[in-house]
Amino acid sequence: RKDSWNFFAERLREMRRIELAKDILELDPDNAFAHEELGSVYIRDFWRYRNALMLPLYAFKYVGIDEGAGRFDYEAQNVGVREGFMPSAADRGLGRFENPNRVFLNDQFDLDALQSQGVPVQDLSVRAQRAYEEAIGHLQQALESDPRRRPVYDDLMEIYALKGEYEAALEMVEDMYRFFPEDAQTWTYLGLAHYHLGNMEAAARSFETALQYMDEGERSAYQDIGFLLTDEERDVYAQDSVAYLARFWASKDPRYLTTYNERRLEHFARLTYADLLYGAPDLDLRGWETQRGSILVRYGQPDSDVTITPNDQSYREGKTVVAAAVFRPPQDNEGNVGGAEVRNNPEQLNEMMESRLFQEMNTFNIWEYGDFRFVFEDPFRNGEFRLYSPKASAIGDGQQAWLNDYQIRAKQTFRETPEQYEYEAPGRQIELPYLTTAFKGAEGQTDLYVHYGVPINEYDGSQEMLEITANTGTFLVSDQRDILVERRNTIYGLPTAQIVSFPDVNLWVDTQVMEAPPGTHDLSVEFETASGNTVAVQRRAVDVPDFEAEAPGLSDLLLAYRVEESLDGEPLGPSEIVRDGLSIQPAPWSVFRVDQPVYVYFETYNLDRNPEGQTDYTVDVLLVPKDDASGIAKLFKNLFGGDKGVSFSFPGTSTSPDVSNYQIVDVSDQEPGVYTLAVRVRDNISGQTVESEQELFLEE
């Protein structure tokens, strides 16, 4: 097992180890050491073949058949050679076989373009499955003979992870726990298996336990996020890493309702996976320190992971030999390499052998992520892949350096997209429509109302309650990654009185209220049934206005299905809110039927008062089809001149500089479609005006 300096020496030593292991097993069929060795050998075979495609003559100059040598002698192969093509093969049905590299117009690793050009590709999945079964059999036998052989657990976890067999991995790690309960990797393996099986609570506990057993260096690697940040964020992170770390994971959490952070668990799972699969022990590098490992931690497992391995079998079918001169030097009838022309031209023979050596040794691994790609090469076939960069000679032959230099392309990708994660919720995912309205609050805060609706498929209107237990939450996160406000609620049954029906959907509507500081924040609205079978997460940026200015101001427009006066200050219905003595049933999305009126509630602030202490203002309300809306100023300029929509005005007075109003807009004569609802308030004392607008949809 001593390290070898090159590929060939390592292959020879591997063959000697295999023969030795077989000899041992003939004498001692249960020998754990020999089974471990054979298991590790088959793991390497599985690595080679699991996602491998074999392409002939891939990415190098090849030697063809000398046109002056006459017809191709399939039996003797005593032909001359030169760089070129195979014109004499046309009458044998082989056609003009060219370097597959020439099908690429730009990026030589575009596999779709390669296969669309008809280049023969051989799938090696059958070999991979055979290697997997052999590896599992030997490694399990090794543990049966000696369950304390620690490296065997690592080997089994590696191949289980490669194959995605996490149920089998979980059973194996539970056995590992019996003998190595305080080993950090026992717990990271448990975390990885639980995570991929969807056992998030167990995964979170496992990773947290692993952190306790890690040494300082490994723990630092699991907690460091510097390489996931932009340059600007990295500077802030360096100033206070502990505080920034907490804010970073909080802002990346895709579901605040859960007790665990899915994004952080994904990060731990990626680190564990990278360490299992992409470590370089010969270089004393953990998996996340290698190029492939660090990229996997950034972006997760690729959409497509393909290994291009060179063809060492000549694609021989019967007497048909495709470019045999490249794969092995031709021989004459006496077994001499190359024939007379080759023997008399050592430079051609050397070039032929160098091409064969390059083909035998170099392997490519292509990772596709949709928007970007990484290509790695293993020129020495020792498993230590590096980002591919073409040689100067390849660039001279016409390759576009930037397109094919993945050292350069990777650096640009890191700058533009430091990390990537797409959350996939478990169970049935539903859309959760919601609207926000902002009003002036107390002590410089803004009252932010979040109105949302939960789709209900079918329900019995005669029942008072739907027997559903659910958790809801609204969370406001600042641009500095701080959670400003969170509201959580457990609902034991959904009252059917809160269901609003539309032609295509029934919505159970509700509202959450929070006090928020002004600014641009991210708002997350979440819903999940207690069983976890139904999940909804809606997240978007919201602008929370500042109403503390002395100039007149206007709140957001609150669209509602009903507004009535509340005599006792209590809501009149289960889904209604109370604002300034009015009970309001908000619309969680801006959809109304044409046979129901549109209610709009709004507040005006900082109106001037006359010497008698009275305010004097005028309210204009306008509803027009969106296609006719060309800016709110132009809308009100032609307030009463249009033949479409609804428009009206009314005066108002008050003893307070802050007043609230609501209006009922009759839309019964309007056609279905998208409309713009606009409100303008004119302060008749100061002459100033304030305006606001909201889109809505009318349906039959």
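We count residues from 1, following the sequence as given.
The local environment of CD in Gln223 is crowded, with over 12 non-hydrogen atoms from other residues, nucleotides or ligands closer than 6.0 Å. Open room surrounds CD on Glu671; 12 or fewer heavy atoms of other groups in view lie less than 6.0 Å from it.
Between Pro552 and Asp683 the shortest heavy-atom distance is CG-OD2, 4.4 Å. When all heavy atoms of Ala203 and Tyr195 are compared, the closest pair comes out as CB-N, 3.7 Å. Scanning both residues, Phe502 and Gln596, for their nearest heavy atoms gives CE2-OE1, 4.5 Å. Of all non-hydrogen atoms in Phe207 and Gly191, the two that sit nearest each other are CZ-C, 3.4 Å. Minimum heavy-atom separation, Ser566 to Gly569: OG-N, 3.1 Å. Closest non-hydrogen pair, Tyr369 versus Pro302, comes out as CE2-CA, 3.5 Å.
Glu266 and Lys252 are not joined by a salt bridge, as no carboxylate oxygen comes within less than 4.0 angstrom of a charged side-chain nitrogen. Ion pair Arg255/Glu526 not flagged as a salt bridge, since none of the NZ, NE, NH1 or NH2 atoms sits closer than 4.0 Å to an Asp/Glu carboxylate oxygen. Salt bridge absent: Glu233 and Arg247 never bring a charged side-chain N and a carboxylate O closer than 4.0 Å.
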Under 3.5 Å donor-acceptor pairs involving side-chain atoms of residues 570-578, not counting sequence neighbours:
| from | atom 1 | to | atom 2 | distance (Å) |
| --- | --- | --- | --- | --- |
| Ser575 | OG | Gln585 | NE2 | 3.3 |
| Glu576 | OE1 | Ser583 | OG | 2.3 |
| Glu576 | OE2 | Arg562 | NE | 3.2 |
| Glu576 | OE2 | Arg562 | NH2 | 2.0 |

Side-chain polar contacts of residues 427-443 - donor-acceptor pairs under 3.5 angstrom, sequence neighbours left out - could you list them?
| from | atom 1 | to | atom 2 | distance (Å) |
| --- | --- | --- | --- | --- |
| Gln429 | NE2 | Ala425 | O | 3.3 |
| Thr437 | OG1 | His451 | NE2 | 2.9 |

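Asp616 and Thr653 share no side-chain donor-acceptor pair at under 3.5 Å. There is no side-chain donor-acceptor pair under 3.5 Å between Glu419 and Tyr421. Ser555 and Tyr601 are not linked by any side-chain donor-acceptor pair at a separation below 3.5 angstrom, with hydrogens and angles left out of the test. Defined by atom type and a distance below 3.5 Å, a donor-acceptor pair is missing between the side-chain atoms of Asn661 and Thr604.
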Where do Glu208 and Arg264 land on the salt bridge (Lys or Arg N to Asp or Glu O under 4.0 Å) test, with the steps shown first? CA-CA 11 Å; Glu208 291 301 326; Arg264 188 166 178 257; 2.7 Å; yes

Using side-chain contact (heavy atoms from CB on, under 4.5 Å), reason through Glu167 and Leu170 one step at a time and then give a plain yes or no. CA-CA 5 Å; Glu167 290 187 0; Leu170 185 60; 5.7 Å; no

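At distances below 3.5 Å, not a single donor-acceptor pair connects side-chain atoms of Ser241 with backbone N or O atoms of Ala238. Counting only distance, with no hydrogens or angles, the side chain of Thr188 and the backbone of Thr272 share no donor-acceptor pair below 3.5 Å. Arg539 places a side-chain N or O within 3.5 Å of a backbone atom of Pro254 that can act as its donor or acceptor partner.
The distance between the ring centers of Tyr299 and Phe374 falls below 6.0 angstrom.
For the pair Arg298 and Phe227, the cation does not sit on the ring face, since its NZ or CZ is not both under 6.0 Å from the ring centre and inside 45° of the axis.
A salt bridge (charged side-chain N to carboxylate O under 4.0 Å, His left out) check over residues 445-463, counting only residues at least two apart or in different chains, returns the pairs Asp447-Arg579.
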